[in-house]
Protein chains: 2
Amino acid sequence: MQQSVAEPRLFEPVEREPAYTRVAGAIETKILARELREGDPLPTETELAQQFRVHRSTVREALRRLESAGLITRPPGAKRMVVSRPAAAQLASGMRHALVLHDATFVAVWEAMMVIEPEVAALAAQRRTQADLAMLIAAHEAFKASPKGDPHAVEIVAQFFEILGAASRNQVLVLAKQSLTRALAPSLLKMIDTVPQARSRIADAQRRIIVSLKEKNVEEARRWMSKHVRDFKRGYEVAGISPDTPISA
Amino acid sequence: MQQSVAEPRLFEPVEREPAYTRVAGAIETKILARELREGDPLPTETELAQQFRVHRSTVREALRRLESAGLITRPPGAKRMVVSRPAAAQLASGMRHALVLHDATFVAVWEAMMVIEPEVAALAAQRRTQADLAMLIAAHEAFKASPKGDPHAVEIVAQFFEILGAASRNQVLVLAKQSLTRALAPSLLKMIDTVPQARSRIADAQRRIIVSLKEKNVEEARRWMSKHVRDFKRGYEVAGISPDTPISA
DNA sequence: CTGCGTCGGATTGTCGGACAATAGGACAAC
DNA sequence: GTTGTCCTATTGTCCGACAATCCGACGCAG
């Protein structure tokens with residue numbers, strides 16, 4: 001994460017890419033260029049091996065790489081792999097790994113949420129549809145109905161955020177957001193179970209946000225989401241969790 | 001990217017994970033738990049194969065997956081793989097793939113930048129060190145010195161953003177930001193070369209931002225960054241590039 | 001015609017083993 | 001200290017094999 005402004009070297013390292021990298025790259029290019037489209041089945045490993053003139057096991061290594069990048073997946077119970085778009089969850093887990101290993105703290109994630117979430121709420125207030133509202137309300141009800149100490153409750157809170165993201169109609173923010181909520185979820189669980197008033201405060205904020213969206217009141221949406229996120233930090237303080245707690249694995 | 005509020009199923013798909021996935025998972029867990037730390041060399045493939053009681057090629061498939069996730073890398077010119085933290089660039093490229101395949105448009109990315117960058121600038125204004133300022137100035141000078149039509153200029157602009165991110169001392173935002181600038185870079189290049197006044201406007205904004213940071217003037221930093229990013233969209237409009245242009249590969 | 005067994009071929013997951021190229025280290029020569 | 005030489009361990013790639021199972025076809029009952 002450090003950088004210098006410029007660092008010219010006399011020679012570049014001589015390029016010696018292993019074959020599996022090049023195979024993966026070739027397929028990746030085709031996918032990004034949409035020559036292979038989502039849902040298209042990949043050729044069989046043997047076919048690929050013949051086309052690239054490499055052994056099947058080399059092809060397989062390349063496939064593992066693409067699989068890990070989320071560019072190909074195997075539909076549950078299918079044998080052949082199909083081309084796919086990286087799922088948001090996939091990116092989120094990558095981001096979470098990075099955050100964990102870079103010793104990101106709770107405040108860092110929280111700060112990022114403070115930046116993003118209120119604006120997402122503001123956008124959502126302008127663009128939400130009736131369907132979005134219905135889903136938000138459903139999530140809200142589900143949260144209120146979730147029994148005390150239910151670990152599922154955090155899932156629902158996260159889902160509320162995700163629906164809101166979808167309502168903002170901005171895929172980029174959705175992707176970024178999701179990583180954050182996912183990273184926070186585990187510790188949030190602990191917080192909710194420790195702080196007695198947390199649940200009611202969350203429910204209240206959700207309600208206010210829903211109302212703001214319904215009225216397309218951009219300012220209020222932003223304000224309440226701000227409050228909502230700020231409350232998280234308050235909750236952590238009350239629960240005696242240090243803001244510098246690293247994101248746990 | 002769609003979702004429903006809840007979808008209970010009677011049965012989960014019966015779990016039948018291939019061995020390479022489990023091997024990858026096992027190693028991943030050890031890395032995230034810091035039992036294997038950054039820089040530690042992995043055991044050799046043969047050793048791993050013996051420990052996991054699988055064939056070496058199975059281990060290799062697992063390694064490819066970890067490699068793609070950025071959890072292990074091979075230092076240039078080395079033979080064995082070492083544990084590493086996912087580089088920001090790695091995440092950024094994953095994000096870019098996702099954006100491309102999800103048909104993210106230029107406005108979507110721009111909107112996300114409008115949300116994030118001004119706040120990053122604001123944070124940076126509070127936390128910047130002398131070293132940060134020096135690097136910003138260096139990047140700024142480099143930009144001004146870059147010859148007309150130099151494709152490298154965009155690189156420098158991106159670098160300016162990255163230094164600013166580093167100055168904000170928030171790794172989470174840095175990771176999120178980087179993906180955006182990287183996604184925008186290719187089309188930005190076209191814009192800069194088309195719009196004559198683009199370069200001077202960018203240089204001016206950079207200067208103002210640097211001054212704001214130097215004075216730790218949070219409000220001004222936010223304001224000028226806002227203007228800076230907004231200018232990008234203006235530039236696109238002037239250049240006749242549609243805001244709905246998809247992010248190119 | 002729709003739904004349900006059955007069956008054969010194709011494809012994947014995994015394995016055993018092989019070999020050339022080379023990184024890494026030890027050791028000698030300058 | 002640097003440079004050359006040699007040996008060994010390890011990786012990248014290949015070959016070939018086989019069990020499990022997905023896939024599609026085929027036929028039969030309702």
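Just so it is clear: chains get the letters A, B, ... in the order the sequence lines come, proteins before strands, and each one is counted from 1.
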Query raised in the report: Does OP1 or OP2 of D:dG12 have a side-chain N or O of B:Arg60 closer than 4.0 Å?
Result: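 Checking D:dG12 against B:Arg60, a side-chain N or O does come within under 4.0 Å of OP1 or OP2.
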**Report entry** Main-chain N/O of A:Leu63 paired to A:Tyr20 side chain as donor or acceptor, under 3.5 Å
**Finding:**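 No; zero donor-acceptor contacts below 3.5 Å.
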Requested in this report: Say whether, by atom type as modelled, one donor and one acceptor occur between the side chain of B:Gln159 and the main chain of B:Ala139 under 3.5 angstrom.
Outcome: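 Here the side-chain-to-backbone pair does not exist.
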Rounded to whole angstroms, how far apart are [atom1] on [X] and [atom2] on [N]?
X       : N      : atom1 : atom2 : value
B:Glu45 : D:dT11 : CD    : C1'   : 6 Å
A:Arg80 : D:dC23 : CZ    : C1'   : 10 Å
B:His55 : C:dT12 : NE2   : P     : 19 Å
B:Ile72 : D:dT11 : CD1   : P     : 11 Å
B:Arg64 : D:dT11 : CZ    : P     : 10 Å
A:Leu48 : C:dA10 : CG    : P     : 18 Å
A:Glu67 : C:dG13 : CD    : C1'   : 12 Å
B:Gln50 : D:dA9  : CD    : P     : 13 Å

Query - Nearest-nucleotide 5' precedence on DNA chain D, A:Thr58 against A:Gly77 - result: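 Looking at the nearest nucleotide for each, A:Thr58 comes out on the 5' side.
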Query raised in the report: Does the side chain of A:Glu162 reach to within under 4.5 Å of the side chain of A:Arg182, using non-hydrogen atoms?
Result: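 When only atoms from C-beta onward are counted, A:Arg182 and A:Glu162 do touch, with a gap below 4.5 Å.
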Query raised in the report: Nearest nucleotide by nearest heavy atom, which residue falls closer to the 5' end of DNA chain C, B:Tyr20 or A:Arg16?
Result: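 Closest to the 5' end, via its nearest nucleotide, is B:Tyr20.
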Query raised in the report: Under a 4.0 Å N-O cut-off, is there an ion pair linking A:Arg64 with A:Glu61?
Result: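 A:Glu61 and A:Arg64: not salt-bridged.
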Query - Residue B:Arg74, side-chain heavy atoms: nucleotide from C:dG24, D:dT11, C:dT12 that is nearest - result: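 That would be D:dT11.
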Query raised in the report: Considering only heavy atoms and no angle criterion, is a donor-acceptor pair shorter than 3.5 Å present between the side chain of A:Lys79 and the base of C:dT12?
Result: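 Under the 3.5 Å cut-off, the side chain and the base do not form any donor-acceptor pair.
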Query raised in the report: Looking at C:dT14, does its base get a donor-acceptor pair with the side chain of A:Arg56 below 3.5 Å?
Result: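 Per atom types, the contact qualifies.
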Query raised in the report: Any idea how B:Phe161 and B:Phe232 line up, ring-wise: parallel (<30°), tilted (30 to 60°), or perpendicular (>60°)?
Result: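 Tilted.
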